[in-house]
Each structure stands twice: as structure tokens, then as C-alpha cells.
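Quick notes on the structure that follows.
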Amino acid sequence: MWERTEITAGRIQCTCGRPMEPMWEEKNGNQRATVFHCWHCDADRELVREIADDGKEKVVSDRRYFFG
């Protein structure tokens with residue numbers, strides 16, 4: 001079950017070239033889903049990462065979050 005947690009992800013790059021700010025993050029077992037927002041072009045993305053026991057991260061999914 002997904003539960004809201006403290007944000008552990010840093011900023012990522014938007015397609016417009018500006019940094020995206022993490023808005024919230026949820027975790028489910030060893031997966032963390034972070035929703036990012038770009039204040040320049042108003043885009044939103046969800047980045048899902050899988051974190052191994054040794055702390056290494058693997059991106060599972062990177063997609064648009066709001067469709068509108």
C-alpha cells in the first residue's frame with residue numbers, strides 16, 4: 001500500500017530545460033514515487049524508483065503525471 005513519506009528525491013530536469021521541484025513522495029515497500037512540478041512551463045512528472053538493499057536506485061517509470 002502506498003503511503004506518503006518525506007521527500008528523498010532531488011530536483012530533475014524538465015523537458016523545457018528548467019529544474020523541476022519535488023512536490024510529494026509516496027513509498028510502497030522498496031519503491032518510491034515522486035511527483036515533480038516545473039514552475040516555468042507548468043509540467044508535472046512522476047518518477048518511480050526502486051531502491052535496493054545496498055542503497056542503489058533504479059528508475060522503474062518516468063511519465064507525465066497530470067493529463068489535461
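The chain is numbered in sequence order, starting from 1.
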So, does Glu25 use its side chain to make a donor-acceptor pair with the main chain of Arg32 at under 3.5 Å?
no
Counting C-beta onward and ignoring hydrogens, is there a side-chain heavy-atom pair between Arg11 and Glu21 closer than 4.5 Å?
yes
If you define the side chain from C-beta out and look only at heavy atoms, does anything of Arg49 sit under 4.5 Å from Thr8?
yes
CZ-SG distance between Arg45 and Cys14, expressed to the nearest 0.5 angstrom:
6.5 Å
Given the rule that I, L, V, M, F, W and Y join up when any side-chain heavy atoms are under 4.5 Å apart, are Trp2 and Val35 in one cluster?
no
Does one hydrophobic cluster hold both Trp24 and Trp39, with members joined at side-chain heavy-atom distances below 4.5 Å?
yes
Working to the nearest 0.5 Å, report the span between CD of Gln13 and CZ of Arg18.
10.0 Å
Using every non-hydrogen atom in the two residues, find where Met20 and Ala43 come nearest and quote the distance to one decimal.
CE-O, 3.5 Å
dist Asp62:CG -> Thr34:OG1 (nearest 0.5 Å) comes out at 10.5 Å
Minimal heavy-atom distance between Ala9 and Phe36, with the atoms involved, is CB-CZ, 3.8 Å
Report yes if some heavy atom in the side chain of Glu50 is under 4.5 Å from a heavy atom in the side chain of Val59; otherwise report no.
no
Enter the distance from Arg63:CZ to Leu47:CG here, rounded to the nearest 0.5 Å.
11.0 Å
Looking at Asp53, I want to see if its CG is surrounded by more than 12 non-hydrogen atoms of other residues, nucleotides or ligands under 6.0 Å.
no
Would you compute the distance between atom CG of Asp44 and atom CZ of Arg64 and round it to the nearest 0.5 angstrom?
9.5 Å
